[in-house]
Amino acid sequence: MIWNETKECMSRDEIYTLQSARLAKMVDRVYHNVPFYRKKMQQMGIEPGDIRCVEDVNKLPFTTKDDLRENYPFGLVAVPQSEVTRVHASSGTTGKATVVAYTRKDIATWSECVARVLAMTGMTREDRIQISYGYGLFTGGLGVHYGAEHLGATVIPMSSGNTKKQITMMEDFGATVLACTPSYALHLAEAIEEAGMLDRIKLKTAILGAEPWTDNMRRELEKKLNINAFDIYGLSEVMGPGVAADCLEHKGLHVYEDYFLPEIINPETFQPVAPGEVGELVFTTLTKEALPLFRYRTKDLTSITYDKCNCGRTMARISKFKGRSDDMLIIRGVNVFPSQIEAALLEMGETSPHYMMVVDREDNLDTLEVLVEVDESYFSDEIRELENLSRRISKVLKEALGVAVKVKLVEPKTLERSEGKAKRVIDKRTLY
Amino acid sequence: MIVKQLSVFLENKEGRLCDAIETLSSNGINISALSLADSTEYGMLRMLVSDPESGVKVLKAAGIPAKLTDVICLKAAHKTGALSRILKAFMGKGIAIEYMYAFAAGENASVVMKTSDTEKAIEVIKESDIEAWEAETIYNINA
Ligand SMILES: [Zn+2]
């Protein structure tokens, strides 16, 4: 079902006109309310009047996560404190957290976006959604919560963790939709399988995000739980989950372009790349009141298409992510994305998709070891077969990544299953 | 004639072999025969035990990956040439011996054999004068 057909199916011309008007208005407001951006614009010699249509966006300065950190906590907020009705924060692995703020209208916009996402997966007010994203400063839990309430569904606010209780509630409350991270969904699926409870739960849809995952992982989850799984994308700086999501076609994630203006740029030259080409995703918020951002560099690598989708929506679609430029590892000069490993393992289908990358340096040469869990019931008891399997995985990974990989088979369930973002890389190199 | 062998995947980590053996003994499962094959990264523990089905269950519950493998178990007299007689019976039949190990059982020696084609191997044994153990006997032979 299409939640807001007027917006989600408007013509490309209408989108262009709406975006241009909103962009010009937003830039004017930011110039007068955010000293950080005003200073940047003055340094670049541009005035609000120079930004009149979508194409002018490339005159604006970029914003990075560092800019948010440096203006911690409220330096970039464009409204008086009394207008701010909520804050969220993401924990930084290094240094300060980044804080984001919302006005009442921002929360309403966010709820609208999430309601569109949920409706896009076929969810209605008859459904019961178990929200197993963390609640609190993290945007996942509350973001989906407000959207689901806006849709009118029954919300089961579980938050993350306590897998056993999750499954009990899922059964007792008859949850039909699950929202959490893909790695936690896989963890839940395994626990449900082990408990032999698959026929006692009523799940039909999973809405998963907050970490990169692959199409193959989606298919595995769908098979394991007998559900349809969807990808919800978002980042707290731009809003939270619901900036984009995939529809029943599963051919890219629709971006809510009436609220967010996407660009794909070459991360080295900062020039736009053509539709279909891979580059870094950049967002300019078009309506956000509390924390409007110019050209926020997401570090997510993807491509975009403006072709109308078979589902009827006209909103541009970004492809499943090719990786993150800051998760990206450079091994022997080659750019390596962890998600490529998962994709390759799932494609092979002979082991579990859980892996751990160990990067080290021996004699000034980078080494990459990948630990892969053998499948609990289908491993071969012949050493030769296991060695063949290691070799096959090495070969497939070398082809996928472009660097030599040493594969080590480990016992099932020994690699960390996180209840939030999965930790899959150990980098032992000391490079500085 | 098919014997269910308990195969266990072990990482080369201190104490894993001991964990597996202890899990079986504390559940009252007796080991009749055992072999440990290893590579630099991991080991494969193969055993004939008093109750293979329970063996898999208790090991899995302890987080140790285990499964059952079909093998055959043949008697070989304590005499020169007994083993080569067995091996010769399989030659030219298109059956590969994937691995084998021997253990003492009463008056005889015995060999456990995993072949590339268990059914065909059984045919060969039936046509020869080689004696094979029945599963129920072998599970408890050293109990
Ligand atoms: Zn679509």
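Being a predicted model, the structure only gives us computed values, none of them experimental. Chain letters run A, B, ... following the sequence lines, proteins first and then strands; every chain starts at 1.
With Lys408(A) contributing its side chain and Glu41(B) its backbone, the two residues share no donor-acceptor pair below 3.5 Å. In this structure a side-chain-to-backbone donor-acceptor pair under 3.5 Å is present from Glu411(A) to Glu11(B).
Of residues 169-178 of chain A, not one residue has a non-hydrogen atom less than 4.5 Å from any non-hydrogen atom of chain B. Scanning residues 15-22 of chain B against chain A with a 4.5 Å heavy-atom cutoff picks out Arg16(B), ordered by number. Within residues 380-395 of chain A, the residues having any heavy atom under 4.5 Å from a heavy atom of chain B are, by residue number, Ser380(A), Asp381(A), Glu382(A), Ile383(A), Arg384(A), Leu386(A), Glu387(A), Ser390(A).
Residues forming a ring-ring contact (aromatic ring centres under 6.0 Å, His included) with Tyr133(A) (at least two apart in sequence, or on another chain): none.
The contact between Tyr99(B) and chain A is made entirely by side chain atoms (from C-beta outward), counting heavy-atom distances below 4.5 Å. For Val410(A), the parts lying near chain B are the backbone and the side chain together; criterion is any non-hydrogen pair under 4.5 Å.
Annotation: Lys398(A), atom NZ; neighbour count of heavy atoms from other residues, nucleotides and ligands within 6.0 Å does not exceed 12. Taking a 6.0 Å sphere around NZ of Lys93(B), one finds it holds more than 12 heavy atoms contributed by other residues, nucleotides or ligands. Within 6.0 Å of the CG atom in Asn226(A), the count of heavy atoms belonging to other residues, nucleotides or ligands does not exceed 12.
Annotation: side chain of Phe9(B) is in contact with side chain of Leu409(A) (closest heavy-atom distance under 4.5 Å).
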